[in-house]
Amino acid sequence: MAYKRNIDRLPIIPAGAKEHNVTCHYCIVGCGYKAYTWPLKTQGTTDSNWSGEDLSKQQGAETAAWYSPSMYNVVKQNGKDVHLVIKPDVDCEVNSGLGSIRGARMAENRRSDITGTQQQRLTDPLVWRYGTWQPTSWDDALDLVARVTARVIDKDNENDLYVSMFDHGGSAGGYENTWGTGKLYFGSMKVKHCRIHNRPAYMSEVHSSRDMGVDELNYNYADYEVTDTIFLVGTNPMECQTNLFLNHMVKGMQNGAKVVISDPRRTVTVDSCEQVAGAENVLHLAIKPGSDVALHNTLFTYIADQGWVDADFIAKSTFQGDVAVPADSAYPASLGSFEAARAACKMSLADGAAATGLTEAQIIQAAEWIAKPKEDGSRRKCVTGYEKGIIWGNDNYRAIGSLLNIALATGNVGREGGGCCRLGGHQEGYYRPSDAHVGRPAPYIDQLIIAGGGKVHHIWANDHYKTTLNAAEFKRVYNRRSNMVKEAMDARAGATREELVDAIVAAINAGGIFSVNVDIIHSQIGQAAHVILPAVEAGEMNLTSMNGERRLRLTEKYMDAPGSAKPDCLIAAGIAQALERVLREEGRDAYADQFKGYDWKTEEDAFMDGYNKGNPEVTYERLRAMGTNGVLEPVKGFADGKLVGTNRLYEDGVFTRHGREDGKALFCMGEWRGWQAAGKAQQQANHRFFINNGRANMNWQNWFLDQGNEFVMDRFPVPFIQINPEDMAELGIKAGDMVEVYNDVGATQALAYPEPTAKRNETFMVFGAPNGAQGNIVNAGVNELILPNYKATWANIRKISDATPASAAVSYKSWEVEL
Amino acid sequence: MKCNRLVDVGRRQFLRGGVLGVAGAAAATVLPAGQAQAQTARAMLDYPSTKLANIADLKVNEPMDIGYPDAESPGILLKLGTAVEGGVGPDGDIVAYSVLCPHKGFVMSYHGADKTLNCPGHFSRFDCEKGGQQVWGHATQNLPQFTLRVDDKGDIHAEGADELIYGRLSNVLQG
Ligand code: SF4
Ligand code: FES
């Protein structure tokens, strides 16, 4: 039976309850919410309450005067238990009152001692002692971190310190926390061996866009509402950017926009577009996996050959000449003029059709919808959204570059109803000193660790065990190396701090690794940690982030941190201060001086030290006043009591992201070259099933919390793999059976979910699960700039067990609505 | 365009009272006087027992419109044809659900071919054979299912619900 909360009544928010601005901290859309708090044992009444509605009556659809049990909890605020309701804000332009299956569970996914939710949250620093993790004070934990770290770093020699750190906003990211960690590792230190939360090196996911001069978040969401065509590439916004889809793309379709979707899989997005726009206005290009560059180059060639380009824009705003940037080890394709790119990318309809598996007619149709001028000769507006299908797909640099070529050629960047943007994962919130010392290509950290690199590893909300490629090998090696240190610590139980540090250093010099884990829960890689430091998320601290249209907002703190957990920026400050103290004790004064400047008391201090220095107009007070609508970055000024933002980038036709003085955008000269990353073609040849992988509506961006959420775990007790029913029958697999997915690099498990729309031999497995890591079967192949290619994975499938009782109880029906 | 997409029309029709088979609706609206003072702590206690239909009235896979706990809360009573967990009646196959989508409260329609309730609002769907589990969608709860009792005359009574119904902060409306 489906999980039910058996809650049939909720306390009513009283008039005068405290109201806080909240931006949903899960996905990049950053929907606006309001958090209401009020004292326990009090509530409003049906006729006197926060909403002004008569709550003795049934409220209609889309009412703001209702909230679900998932939007309610009891939490601590200034040490007292209070009621908490976090509900979508009807006045926020992003979501207009819509919640999603993720965001509308924010309240329920807060830690509560009263309702018992999220007991998995860390409350105290933990140190490995006597064979397990023992709670301890911040001073004690940070002292150990600093003493061990200080033994492996020195002035201008920090290469033995490896750092895995998030770079995003939302969640526990945001400007405060990227600055705190950034100042420590890129300011006080110059750490070169670092990586980002979801990939094995420290680099942009959209290098080519930036190199071409175009920031990847250049439009605003309203552009979807006024466009002629929405072109979606390797992205599934109905599930992954839900309210961008529902509140903006749907409006675009209702206003007559057509939709072109390039994705090997028929996603829920395809079905939803057909529901809204009518199937005749939706073109699904179910391309062969990895053939994106071929599709884009064929479209670009055809569109240019037809003359459906914006010649004025090309002349005024793009580079004239031949090659501007030649290809080399840092540039996986040359960049240059429109004509140079035309020559380099030339691909006939016949070749394009053969490479992508589409018909020539489909490609022509797509080109017409994207670029063909309207009957009256006017320009067609087209907005392009892309995400992990090409970011984590084949040939990242060229796939994104070739797509942006089309947008630039048709003058669809910096114009109303245009834009060529990634749709994104988390919100953004990056403010750090320069990372130029990391180099390009950046070091491939996970492979270096496998090869024995790194002595001390600081991990900030990264879980390599769930989200890396070649994960099976990584885990084997990391467990072994971190265990060497645990054993050394166990052998010195009862020793002084000095003796213990000596023992740890001996173990790391013998090949071990000392692992410090900063996170909100005890993660999987956290099982290997020696020190665990508890962090907080938005709402448990004040946090600023920007969404996928650069909309900057402040989420106000509405509850206390669990236990003694702290904002990451203050944890980073604590590490810096401990390092300074230890280095001084050791007489290393010059180096110690580098760790000065962290006397922050609050996250706001960190904000003022970082983001505000670069953006002096922006303060907490002003952001608070801007509410859930915030301001679109970059902020240009402050007038009439309001921050003044930037509605759309590049409206002046001057492109700057690459740093070129001429302000001209560049085109990408990357021809189609098949599988780019090592080992992909062989894996494809040797295994039956394509294991496409990605996210699911329910738990993407919040799975770490949802592993403790019954509503979610009841639906998918084990990560699913969608398989064509005929393939299942051939293999003797029934719905809900546990299957093993295995190949040359590893194995993982999943629950078989029949999906009639799946192509034969093409499956889809949910990525990043706590209990079935898809990364186990992804080989180590990356692009020239160490972008992982998670998508291109092949494996065989075998049944390992009948459905467990939990799996047998869930629904295996189609996800496509029937109206 | 199929009429199920015309959500607003559907909802208005319901609120106008264009619902068939709301056998116990009148009874349900007459609540005990003490109800108005009901406290949060008494949740799950105060449901009316409402006769919805007799087993003989039901045809397999043809939902009957109901209102429970009162006429303002639309639902369906359904004989699935195969026994399910939580099903009542001699065949263990009779279930009842709220049809207000727990996402934003649009009225859902029943799709007999796969026994799901489907939402025209934003395309969520719920499995009537699995206790109203959301198959895919935006709601943060599974569908409220009504507790049923069949008496010896074959009359089917609704006597409770297991999730909060959209649009009310108390399943049994409070004064
Ligand atoms: S769409 Fe994204 S930002 Fe909006 S509520 Fe859902 S998870 Fe949060
Ligand atoms: S109201 Fe049903 S999906 Fe939104």
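Here is the naming used below: chain letters follow the sequence lines, and residue numbers restart at 1 for every chain. Just so it is clear, the model here is predicted, and its values are computed rather than measured.
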Quick one: [atom1] on [X] to [atom2] on [Y], what's the gap to the nearest 0.5 Å?
| X | Y | atom1 | atom2 | answer |
| --- | --- | --- | --- | --- |
| Leu100(B) | Tyr166(B) | CG | OH | 9.0 Å |
| Asn49(A) | Ile12(A) | CG | CD1 | 6.0 Å |
| Ile165(B) | Ser98(B) | CD1 | OG | 5.5 Å |
| Trp66(A) | Glu53(A) | CH2 | CD | 15.5 Å |
| Trp136(B) | Cys119(B) | CH2 | SG | 11.0 Å |

Which residue out of [options] racks up the most heavy-atom pairs below 4.5 Å with chain B?
| options | result |
| --- | --- |
| Asp47(A), Thr46(A), Val712(A) | Thr46(A) |
| Met698(A), Met238(A), Met71(A) | Met238(A) |
| Thr242(A), Asp271(A), Asn697(A), Asp54(A) | Asn697(A) |

Quiz item: What parts of residues 97-104 of chain A touch chain B if we use heavy atoms and a cut-off under 4.5 Å?
Solution: Gly97(A), Leu98(A), Gly99(A), Ser100(A), Ile101(A), Ala104(A)
Test: [X] and [Y] ion pair at under 4.0 Å:
| X | Y | answer |
| --- | --- | --- |
| Lys813(A) | Glu818(A) | no |
| Glu108(A) | Arg5(A) | yes |
| Glu72(B) | Arg168(B) | no |

Exercise. Please state whether the rings of Tyr72(A) and His83(A) are parallel, tilted or perpendicular, taking 30° and 60° as the class boundaries.
Key: tilted
Sort [X] into side chain, backbone, both or neither according to what part of it lies under 4.5 angstrom from a heavy atom of chain B.
| X | value |
| --- | --- |
| Val250(A) | neither |
| Tyr67(A) | both |
| Phe716(A) | neither |
| Glu816(A) | backbone |
| Ala809(A) | backbone |
| Tyr3(A) | both |
| Thr45(A) | neither |

Quiz prompt | side-chain contact (heavy atoms from CB on, under 4.5 Å) assessment of Arg695(A) paired with Glu239(A) | solution = CA-CA 8 Å; Arg695(A) 307 292 192 159; Glu239(A) 296 203 79; over 6 Å; no
Quiz item: What's the verdict on side-chain contact (heavy atoms from CB on, under 4.5 Å) for Ser70(A) and Gln141(B), showing C-alpha distance, side-chain angles and the deciding distance?
Solution: CA-CA 8 Å; Ser70(A) 66; Gln141(B) 62 194 53; 5.7 Å; no
Self-check item: Closest approach of Tyr47(B) to Glu159(B) (non-hydrogen atoms, all atoms of both residues)
Solution: CB-O, 3.3 Å
Practice problem: Would you mind telling me which of Asn142(B), Leu164(B), Leu169(B), Asn118(B) has the largest number of heavy-atom pairs within less than 4.5 Å of chain A? | Solution: Leu169(B)
Exercise. Against chain A, work out which of Asn171(B), Leu117(B), Asp114(B), Val135(B) has the most heavy-atom pairs shorter than 4.5 Å and name it.
Key: Val135(B)
Self-check item: Close side-chain approach of Asp151(B) to Arg149(B), heavy-atom, < 4.5 Å
Solution: yes
Quiz item: If we only count heavy atoms from C-beta on, is the Arg9(A) to Gln174(B) side-chain gap below 4.5 Å?
Solution: yes
Okay, side chain of [X], backbone of [Y]: is any donor-acceptor separation there less than 3.5 Å?
| X | Y | answer |
| --- | --- | --- |
| Gln134(B) | His138(B) | yes |
| His248(A) | Val94(A) | yes |
| Asp714(A) | Ala2(A) | no |

Chain A contact via [X] - side chain, backbone, both or neither, heavy atoms under 4.5 Å:
| X | answer |
| --- | --- |
| Ser124(B) | backbone |
| Cys101(B) | neither |
| His122(B) | both |

Quiz item: For chain A, which residues from residues 79-94 of chain B lie under 4.5 Å away (heavy-atom distances)?
Solution: Glu85(B), Gly86(B)
